[in-house]
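Whatever order the structure lists ligands and atoms in, that order sets their numbers, starting from 1. Because the structure is a prediction, the values reported are computed rather than measured.
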Amino acid sequence: MTSQLDLVNAIHDISCPKLLIKQFDGIHINRPSQSNMASLSDQAYVPAIRPTSLGDSEFKRRHGLTYAYVAGAMANGIASTALVKTMGKNGMVGFFGAGGLSLSQIEAAIHELKDALGDKPFGFNLIHSLADPDHEMATVKLYLDHGVTLISAAAFLRITLPLVYYRVKGIHKNSQGVIVTPNHIIAKVSRIEVARQFFAPPPEKLLKQLIDRQMITAQEAILAAEIPMAQDLTAEADSGGHTDNRPALALLPTFIALKNQAMAAYHFNRPLCVGLGGGIATPESACAAFSMGAAYILTGSINQACVEAGICQDVKKLLSQAEQADVAMAPSADMFEIGARVQVLKRGTLFPVRAEKLYQFYKNYACFADLPLADQKEIEDKFLFTSFDAAWQSTRKFFLSRGNQQEVDRAEQNPAHKMALVFRSYLGQSSKWAIQGDAQRTMDYQVWCGPAMGAFNQWAKGSFLEPHTNRFAAEIAMNLLTGACVVTRAAFARAQGLELPPGAGHFSPMPLAEILKLISSESI
Ligand SMILES: Cc1cc2nc3c(=O)[nH]c(=O)nc-3n(C[C@H](O)[C@H](O)[C@H](O)COP(=O)(O)O)c2cc1C
């Protein structure tokens, strides 16, 4: 008779189809054959499901991927060249965290990744900057000049001129008359009205502006009417960093329905794809995303605690100890004035509390000098480590160094704006202190992080993945994908009426070498 362990092993042997036959003395495991498949009563067929089986084949083909797995961008190079390289070399794709970096830093990363990866997949982030639209256009020009053909567009509230320029530049028909679009955008969106714009052709008004500025040709604009702004779109649920805290279970079906409507409305010649990011950190959540129809999964928070991430060891350690409730929403540096928020780690840092205080002061007072004296003193002594006036001088210098005289002039005429810029400077630096591991500033570390981190730590507890020093991004990705296969197989068996022992649908972390063996095995 089959033992419970045999049954668990049968579910976990993901490369091998199994026929589970329920008889009076328990469940028997067979290889399926023509004869034993004849009668299906009291038996369950569990097909082979490998990590390569998961996700949308068109999405994988489009981007040259073996696995439908994306490592999302993390600003300031936290999604480092090392992270992007390991994803590309292991059949997945990663996006370099270009947000917050200078053009020369981004350019250096482009050279490094092109040299290291050749034609293997990699991408760069284009993050919308309300405060600095010129930087957005300059970044797009850099990508076009260097032949970066895949970007992840995030934080957009509407389609912008630089975005259309990137998407449309170089569009042409090949010798068979098929439209070829050299530049691909994977949009990351949490709002339906923004998603709708990405799944539509580029707006005519912006195409016209680009023609008027002689940035695209009339022919490029004509062909643009037949393509979507983004062929692929990540529905971003409750995540680390900028987030609307949308629940994945509600968000993904809405975006999939939108995709189907857009395909019916526009008759694009290639299918649109919707992936899911936000909260994915375990085999169960990866399985849920694919089972609900996600074309691919995207992770962020869990990669920040990995060896390849560009952030200091102390932060990685803090992250590796975080639990689900150790995150909080805090005001964001880039869209501070409009009250935008980011999800951050609250364990081991006072940042969320301090940032909230600054935001409330900005909302309630017209200038810094109006704050109660005790609050002024606390901010100067504990947050800024200098006087408000001295902090303004260094903030001013920063804006001038980026050629942004306009912001400086505005602040010098408007004390509320001056206060906002100084507070934003504290918020902006707090993420740099975390990256660098500035020992004097541990209480000010701003670490973007979502509840996915706690879920991952809980799953990894007691395994070789518990210490952050053992966490390698591609190995973790393969664990999530392989685990998702196990969870899916167990669900198949249960859906056919078999009662499985408790461990059957659980997958514990495994070293990559063992996973690769499991994937290629054909044994029963
Ligand atoms: C530290 C950190 C920094 C991030 N920075 C960016 C960024 O610059 N651009 C971007 O598009 N997304 C950014 N994100 C979002 C991730 O790319 C990804 O969409 C998100 O983390 C997925 O949700 P999860 O955190 O629940 O895995 C960041 C996330 C984290 C954790």
Among all protein heavy atoms, pick the one closest to [atom] and tell me residue, atom and distance.
| atom | value |
| --- | --- |
| atom 30 (C) of ligand 1 | M74 CG, 3.8 Å |
| atom 31 (C) of ligand 1 | W448 O, 3.4 Å |
| atom 29 (C) of ligand 1 | G240 O, 3.8 Å |
| atom 15 (C) of ligand 1 | K188 NZ, 3.6 Å |
| atom 27 (O) of ligand 1 | G300 N, 2.9 Å |
| atom 13 (C) of ligand 1 | A73 O, 2.9 Å |
| atom 9 (N) of ligand 1 | N125 OD1, 2.8 Å |
| atom 5 (N) of ligand 1 | A75 N, 3.0 Å |

> Can you tell me if G279 has a non-hydrogen atom under 4.0 Å from ligand 1?
Replying inline: yes
> Just heavy atoms, cut-off under 4.0 Å: does M453 contact ligand 1 by side chain, backbone, both, or neither?
Replying inline: neither
> Taking non-hydrogen atoms only, is E236 closer than 4.0 angstrom to ligand 1 via side chain, backbone, both or neither?
Replying inline: side chain
Identify the heavy atoms of [X] and [Y] that sit nearest to each other, and give their distance.
| X | Y | result |
| --- | --- | --- |
| L252 | G275 | CD1-O, 4.1 Å |
| A75 | W448 | CB-CZ3, 3.9 Å |
| K85 | L117 | O-CD2, 3.8 Å |

>> For F96, run the ring-ring contact (aromatic ring centres under 6.0 Å, His included) check against F122, Y143, F124 and tell me which one passes.
In response: F124
With only distance considered, is [X] within less than 3.5 Å of ligand 1 through an N or O on each side?
| X | value |
| --- | --- |
| T299 | no |
| I127 | no |
| Q304 | no |

> Hey, which atoms in ligand 1 end up nearer than 4.0 Å to a heavy atom of S301?
Replying inline: 21 (O), 24 (P), 25 (O), 27 (O), 31 (C)
>> Under 4.0 Å from a heavy atom of L298: which atoms of ligand 1 are those, numbered in the order shown and with their elements?
In response: 18 (C), 19 (O), 22 (C)
>> Quick test of your reading of the structure: of A452, A153, S239, whose heavy atom lies closest to atom 23 (O) of ligand 1?
In response: S239
> Do any N or O atoms from the side chain of T243 and from the backbone of G240 form a donor-acceptor pair under 3.5 angstrom?
Replying inline: no
> Do Y445 and F351 have their ring centres less than 6.0 Å from each other?
Replying inline: no
> Going by atom types alone, do D444 and Y426 pair a side-chain donor with an acceptor below 3.5 Å?
Replying inline: yes
> What's the verdict on side chain to side chain donor-acceptor pair (under 3.5 Å) for Q197 and E193, showing C-alpha distance, side-chain angles and the deciding distance?
Replying inline: CA-CA 7 Å; Q197 297 176 48; E193 65 278 10; over 6 Å; no
>> Could you tell me if the side chain of F456 sits less than 4.5 Å from the side chain of L319, heavy atoms only?
In response: no
>> Does the structure place the NZ or CZ of R424 under 6.0 Å from the centre of the six-membered ring of Y362, at an angle of no more than 45° from the ring's axis?
In response: no
>> Does the plane of the ring in Y296 sit parallel, tilted or perpendicular to the ring in F59? Use 30° and 60° as the thresholds.
In response: parallel
